[in-house]
Amino acid sequence: MALQFFNTLANKKEDFVPIKEGEIRLYTCGPTVYNFAHIGNFRAYMFEDLLRRFLKYKGLKVTQVMNLTDIDDKTIKGCKAQGVSLAEYTQPYKDGFFEDLDTLKIERAEFYPEATTHIPEMVEIIKKLMTNGLAYEIKGNYYFKIDAFPDYGKLARIDLAGLKAGARVASDEYEKESVSDFALWKAWTPEDGDVFWETDLGKGRPGWHLECSAMSMKYLGNHFDMHTGGVDNKFPHHENEIAQSEGASGEKFVNYWLHCAHLIVEGKKMSKSLGNFYSLREILEKDYSPAAIRYLLLSTQYRMPLNFTFDGLDAAAKALRRYNDFWRNLAEFSGAGKGGAAGEFIDKAAAEFEKGLDDDLNISYALAAVFDFIRDINRLRSENNLTADERDRALQVLEKIDTVLGFQVQESSLDNESEIEDLVQRRTEAKKSRDFATADSIRDQLTAMDIVLEDTPQGVKWRKKV
RNA sequence: GGCGGCUUAGCCAAGUGGUAAGGCAGGAGUCUGCAAAACUCCCAUUCCCCGGUUCGAGUCCGGGAGCCGCCUCCA
């Protein structure tokens with residue numbers, strides 16, 4: 001089956017055809033660095049990670065851009081409150097964002113442009129819009145003239161007439177020609193303090209939406225393949241981006257728009273007042289593993305609302321353990337028996353995994369294929385019907401699948417390894433002399449150290465509890 | 001109020017009009033000194049509710065309920 005995505009622009013699933021064969025240019029909306037990102041944000045970044053990894057799995061060369069919004073109302077407010085410069089205020093959150101990406105094993109994009117270092121590019125777009133009759137200036141503020149852009153509303157399917165009829169018109173709106181027009185550039189006001197740029201447009205700062213147009217076109221060209229973000233960005237943010245970009249360049253902006261649904265927590269909307277608003281850091285402090293968080297955020301198809309629960313995290317950790325135990329047990333299996341049955345399961349796993357993700361990243365289907373594979377191969381292993389060659393082929397498929405999932409948990413080396421080895425050895429000796437009381441007490445001791453033992457035909461194995 | 005999305009077992013979650021994937025939890029076995037891991041079997045006559053279309057509906061249509069999102073500076 002061909003790779004398909006649900007394109008918001010078309011409002012249906014479409015075959016994915018890249019502009020340039022074998023390559024994809026992708027823009028993913030990034031964080032506003034006024035705080036540490038919360039798990040709802042990471043739902044979106046995780047979806048984009050799955051997208052990126054699967055596109056690479058399919059053999060496409062990916063060029064991904066993710067913006068860092070380091071100038072907006074929230075960052076200005078934040079730096080003023082702390083009495084520091086804008087750059088000083090945002091830097092810890094930029095650093096924190098990249099730390100969090102690493103924690104969740106989210107692959108790095110090719111470019112992370114910052115809004116504050118792309119002001120000239122934004123100014124250029126406004127100048128072009130002025131030239132094209134799509135923007136106007138009032139008292140140093142520049143606005144996009146929506147009436148002059150007939151395509152406005154094509155992404156979000158917004159009926160402008162209806163909007164205007166029902167629009168809440170604030171008292172200060174007299175300044176704009178139309179209430180629907182949005183700001184491209186905001187003239188400096190005293191509230192902005194020392195946050196401003198002196199440009200050909202005057203002294204001020206860019207509006208909400210402009211950075212994404214400027215930075216995407218700079219790194220990906222006027223017309224590129226795909227743009228993603230949360231559903232909340234569909235309107236007005238992405239709609240405005242289209243208007244600005246196409247209005248300035250005269251070319252189609254983006255072919256495929258993908259929007260991921262929101263995350264809810266314990267069945268409720270995540271909000272500070274409900275006390276269920278979590279940053280990634282807060283969840284890690286509760287001793288949940290990054291891998292479990294990754295699994296949970298990844299395991300629901302991106303267009304479905306995701307219910308993030310702590311029970312779900314526990315279940316995710318167990319599913320992940322099964323996945324990793326399978327991998328380790330298979331790698332350690334010496335290969336035995338007739339063989340011959342595994343090939344079918346291996347081929348099926350690879351095909352079904354890809355089939356699921358080809359269908360608009362249906363991760364649930366893909367994961368079902370993976371767990372079917374685990375059970376099928378485990379059965380052959382327990383029946384001694386798996387040759388060394390078949391084992392190696394199964395491992396290869398698993399490795400390929402894990403380039404997309406990123407579920408493999410690397411066992412970190414322990415500093416008390418020799419102590420553990422010593423205890424394991426003493427237990428083995430106690431077992432040999434059938435002194436099970438001693439053997440069991442040593443096992444209890446190891447359990448208390450978070451070490452799990454497995455007695456196998458190949459001898460005793462131990463591992464750190466995940 | 002307008003527009004859009006969602007509602008499937010105890011929990012999470014797939015599902016192309018043809019008879020309910022997968023994970024977690026739970027129950028019974030096999031293996032084991034006992035465990036652990038693994039394997040086998042069981043675990044939704046039923047898919048929010050009410051109508052309709054159809055030989056056949058979780059899937060299509062109409063109505064209703066609940067939850068979630070968006071509705072343009074600013075709040």
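The chains referred to below are lettered A, B, ... by the order of the sequence lines, with proteins before strands, and numbering in each begins at 1. Predicted, not measured: the structure shown is a model, and the values here were computed from it.
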Please state how far atom CG in A/Leu361 lies from atom P in B/rG15, giving the value in whole angstrom units.
12 Å
Of A/Asn233 and A/Ala437, whose closest RNA chain B nucleotide lies nearer the 5' terminus?
A/Ala437
Using a 4.0 Å cut-off on heavy atoms, which residues in residues 292-312 of chain A reach RNA chain B? List them by number, or say none.
A/Thr300, A/Gln301, A/Met304, A/Pro305, A/Asn307
Taking only side-chain nitrogens and oxygens of A/Arg379, does any of them come within less than 4.0 Å of OP1 or OP2 of B/rU40?
yes
Between B/rG63 and B/rA21, how far apart are the two C1' atoms, rounded to whole Å?
32 Å
Categorize A/Arg381 for me: base, sugar-phosphate, or nothing, with a 4.0 angstrom heavy-atom threshold over every strand shown.
sugar-phosphate
NZ/NE/NH1/NH2 to OD/OE distance under 4.0 Å, A/Lys355 and A/Asp358:
no
Take atom P in B/rU16 and the same atom in B/rC48, then report the distance between them in whole Å.
15 Å
Which whole-number value in Å describes the distance from A/Asp325 CG to B/rA38 P?
6 Å
For A/Arg328, answer base if it contacts any base atom (sugar-phosphate contacts may also be present), sugar-phosphate if it contacts only those atoms, and nothing otherwise; contact means non-hydrogen atoms under 4.0 Å.
nothing
Separation between CG of A/Leu258 and CG of A/Leu361, rounded to the nearest 0.5 Å
7.5 Å
Identify whether any heavy atom of A/Ala183 sits under 4.0 Å from a base atom; if not, whether one sits that close to sugar-phosphate; answer base, sugar-phosphate or nothing.
nothing
Cationic N near anionic O, under 4.0 Å, A/Lys431 to A/Asp455
yes
First encountered from the 5' end of RNA chain B, between A/Asn378 and A/Lys77:
A/Asn378
For atom P, what is the distance between B/rC61 and B/rU53, given to the nearest Å?
15 Å
Ignoring hydrogens and angles, answer whether the base of B/rC34 and the side-chain atoms of A/Arg443 contain a donor-acceptor pair closer than 3.5 Å.
yes
I want to check a possible cation-pi pair here: A/Lys12 against A/Phe6, using under 6.0 Å from ring centre and within 45° of the ring axis as the test.
no
Below 6.0 angstrom between ring centroids: does that apply to A/Phe47 and A/Phe42?
no
Just do the side chain to side chain donor-acceptor pair (under 3.5 Å) check on A/Thr228 and A/Glu48 with the steps written out, would you?
CA-CA 8 Å; A/Thr228 70; A/Glu48 287 151 1; 2.9 Å; yes
Regarding A/Asp455, tell me which of base, sugar-phosphate or nothing describes its non-hydrogen contacts under 4.0 Å with the strands shown.
base
Is there aromatic stacking of A/Phe371 on B/rG22 here, judged by a ring-centre distance under 5.5 Å and a plane angle under 30°?
no
Does atom NZ (A/Lys203) have a neighbourhood of more than 12 heavy atoms from anything else shown, all under 6.0 Å?
yes
Taking only heavy atoms on the protein side, list every residue of residues 255-269 of chain A lying under 4.0 Å from any atom of RNA chain B, sorted numerically.
A/His262, A/Lys269
Carefully, step by step, assess A/Ser279 and A/His38 under the rule side chain to side chain donor-acceptor pair (under 3.5 Å).
CA-CA 4 Å; A/Ser279 67; A/His38 58 70; over 6 Å; no
Tell me whether A/Lys145 is salt-bridged to A/Glu177, with the criterion being a basic N under 4.0 Å from an acidic carboxylate O.
yes
Output the rounded distance in Å from CD (A/Glu352) to C1' (B/rA14).
12 Å
Counting just side-chain N and O atoms, does A/Lys431 come under 4.0 Å of either OP1 or OP2 of B/rA35?
no
Nearest whole Å is fine: how far is B/rG69 P from A/Glu239 CD?
21 Å
Against A/Phe373, only a single residue in A/Phe326, A/Phe345, A/Tyr323 fulfils ring-ring contact (aromatic ring centres under 6.0 Å, His included); can you say which?
A/Phe326
Roughly how far, to the nearest 0.5 Å, is the CG atom of A/Leu306 from the CZ atom of A/Arg43?
4.5 Å
Looking at A/Trp327, I'd like to know whether one of its side-chain N or O atoms comes within less than 4.0 Å of OP1 or OP2 on B/rA38.
no
What interatomic distance, in whole Å, is found between C1' of B/rA44 and the corresponding atom of B/rA13?
14 Å
Can you see whether A/Tyr34 has A/Lys74 sitting over its ring - NZ or CZ less than 6.0 Å from the centre and within 45° of the normal?
yes
Drop me the distance from A/Ile39's CD1 to A/Phe308's CZ, to the nearest 0.5 angstrom.
4.0 Å
Would you mind reading off the distance between A/Phe182 atom CZ and B/rC74 atom C1', rounded to a whole angstrom?
17 Å
Distance check: side-chain N/O of A/Asn362 vs OP1/OP2 of B/rA14, anything under 4.0 Å?
no
Would you kindly give the NE2-to-P distance between A/His238 and B/rG69, to the nearest whole Å?
18 Å
It should be established whether A/Arg322 places a side-chain nitrogen or oxygen under 4.0 Å from OP1 or OP2 of nucleotide B/rA38.
yes
Given atom CG of A/Leu155 and atom C1' of B/rU72, what is their separation to the nearest angstrom?
14 Å
Describe, in one word, how the ring planes of A/Phe149 and A/Phe144 are oriented to each other, choosing from parallel (under 30°), tilted (30 to 60°) and perpendicular (over 60°).
perpendicular
RNA chain B base-pair string [pairs: Watson-Crick or G-U under 3.5 Å; |: paired with another strand]:
(((((((..(((.....[...))).(((((.......))))).....(((((..]....))))))))))))....
How close or far is atom P of B/rC24 from atom CZ of A/Arg321, stated in whole angstroms?
10 Å
For a quick test of reading the model: is some side-chain N or O of A/Lys318 closer than 4.0 Å to OP1 or OP2 of B/rA25?
yes
